[in-house]
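For reference, the structure is listed below as structure tokens.
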Amino acid sequence: MSEENEVVVEQVEQVEKPRPKLERREGEPTAAFKGATWAALLLGVSSYLIGLSNAGMELNEKGYYFAVLVFGLYSAVSLQKAVRDRDEGIPVTNLYYGISWLALVIAISLMAIGLYNAGSIILSEKGFYGMAFVLSLFAAITVQKNIRDTQKARDNWHNQ
């Protein structure tokens, strides 16, 4: 009888032991922040694309708005990387830095001009596309920053 009690006590002790908490490295974003940024990126891009697929516009117009989204995402991440590289002392040419800024300004301008001139899109849809576009750009920048911060924190941790 006492052996059974010991087995039960051992099982209870095993269940009640807390799991060791994974330590977050200094400078690494929290899992919640990483998840929120990925969710924002997926929400922004998927909302934009779902809205685009359901829109009653010509296929070439849909292609224009899709291309502007892809160009905007790429240029925003490229600019964030160039700014971060400069801040960390990694060489970035003035030409690349300037092109990164110019590309982002062009992408945002193309979206604004396209929405302004789109007579077939009602004002609320224009607002939807604009907000989904901005959310996607901001989230892409933040996701890229999180990836870089995580990698830097891991590299610093391994070098200690």
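It should be emphasised that the depicted structure is a prediction, and the values quoted were computed from it without experimental measurement.
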**OP:** Would you please test Leu79 and Val83 for side-chain contact (heavy atoms from CB on, under 4.5 Å) and show each step?
**Re:** CA-CA 6 Å; Leu79 176 61; Val83 168; 3.9 Å; yes
Are [X] and [Y] in one and the same hydrophobic cluster, where Ile, Leu, Val, Met, Phe, Trp and Tyr link if side-chain heavy atoms are under 4.5 Å apart?
| X | Y | result |
| --- | --- | --- |
| Val68 | Val105 | no |
| Tyr74 | Val92 | no |
| Ile141 | Trp101 | no |
| Leu42 | Val70 | no |
| Tyr129 | Tyr64 | yes |

**OP:** State which residue, out of Leu104, Leu137, Leu102, fulfils the side-chain contact (heavy atoms from CB on, under 4.5 Å) condition with Ser75.
**Re:**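 Filter result, single survivor: Leu104.
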**OP:** Apply the side-chain contact (heavy atoms from CB on, under 4.5 Å) test between Leu110 and each candidate in Ile106, Ile108, Ile113; give the one that qualifies.
**Re:**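 Of the listed residues Ile106, Ile108, Ile113, the side-chain contact (heavy atoms from CB on, under 4.5 Å) partner of Leu110 is Ile106.
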**OP:** State whether a side-chain donor-acceptor pair under 3.5 Å links Ser53 with Lys62.
**Re:**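 The answer is no; no qualifying pair exists.
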Quick check: closest heavy atoms across [X] and [Y], and the distance to 0.1 Å?
| X | Y | answer |
| --- | --- | --- |
| Ser100 | Ser78 | OG-OG, 3.4 Å |
| Leu49 | Phe66 | CD2-CD1, 3.6 Å |
| Ile90 | Arg148 | CD1-NH2, 3.5 Å |
| Tyr97 | Ala82 | CD1-CB, 4.1 Å |

Using modelled atom types only, decide if a donor and an acceptor are shared between the side chain of [X] and the backbone of [Y] within a distance under 3.5 Å.
| X | Y | value |
| --- | --- | --- |
| Tyr48 | Leu135 | no |
| Tyr65 | Gly114 | yes |
| Ser136 | Val45 | yes |
| Ser47 | Gly44 | no |

If you count the non-hydrogen atoms of other residues, nucleotides and ligands that lie under 6.0 Å from [atom1] in [X], is the total more than 12?
| X | atom1 | result |
| --- | --- | --- |
| Tyr96 | OH | yes |
| Leu59 | CG | no |
| Leu123 | CG | no |
| Glu58 | CD | no |
| Phe71 | CZ | yes |

To the nearest 0.5 Å, how far apart are [atom1] in [X] and [atom2] in [Y]?
| X | Y | atom1 | atom2 | result |
| --- | --- | --- | --- | --- |
| Leu52 | Phe128 | CG | CZ | 9.0 Å |
| Met111 | Ser109 | CE | OG | 11.5 Å |
| Thr37 | Lys145 | OG1 | NZ | 10.0 Å |
| Leu41 | Thr142 | CG | OG1 | 9.0 Å |

Original post:
Does the side chain of Arg86 reach to within under 4.5 Å of the side chain of Pro91, using non-hydrogen atoms?
Top reply: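 A side-chain contact under 4.5 Å is absent here.
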Original post:
Taking side chain as C-beta onward, heavy atoms only, is Lys34 less than 4.5 Å from Thr150?
Top reply: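 Heavy-atom side-chain distance check passes, below 4.5 Å.
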Original post:
Given the rule in the side-chain contact (heavy atoms from CB on, under 4.5 Å) test, do Asn54 and Glu125 qualify, once you have shown the distances and angles that lead to the verdict?
Top reply: CA-CA 11 Å; Asn54 290 325; Glu125 287 182 31; over 6 Å; no
**OP:** Carefully, step by step, assess Lys152 and Glu28 under the rule salt bridge (charged side-chain N to carboxylate O under 4.0 Å, His left out).
**Re:** CA-CA 8 Å; Lys152 186 175 180 179; Glu28 182 179 9; over 6 Å; no
Subject >> Carboxylate-amine/guanidinium contact Asp149 Arg84, below 4.0 Å >> reply: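 A salt bridge is present here (some side-chain N lies under 4.0 Å from a carboxylate O).
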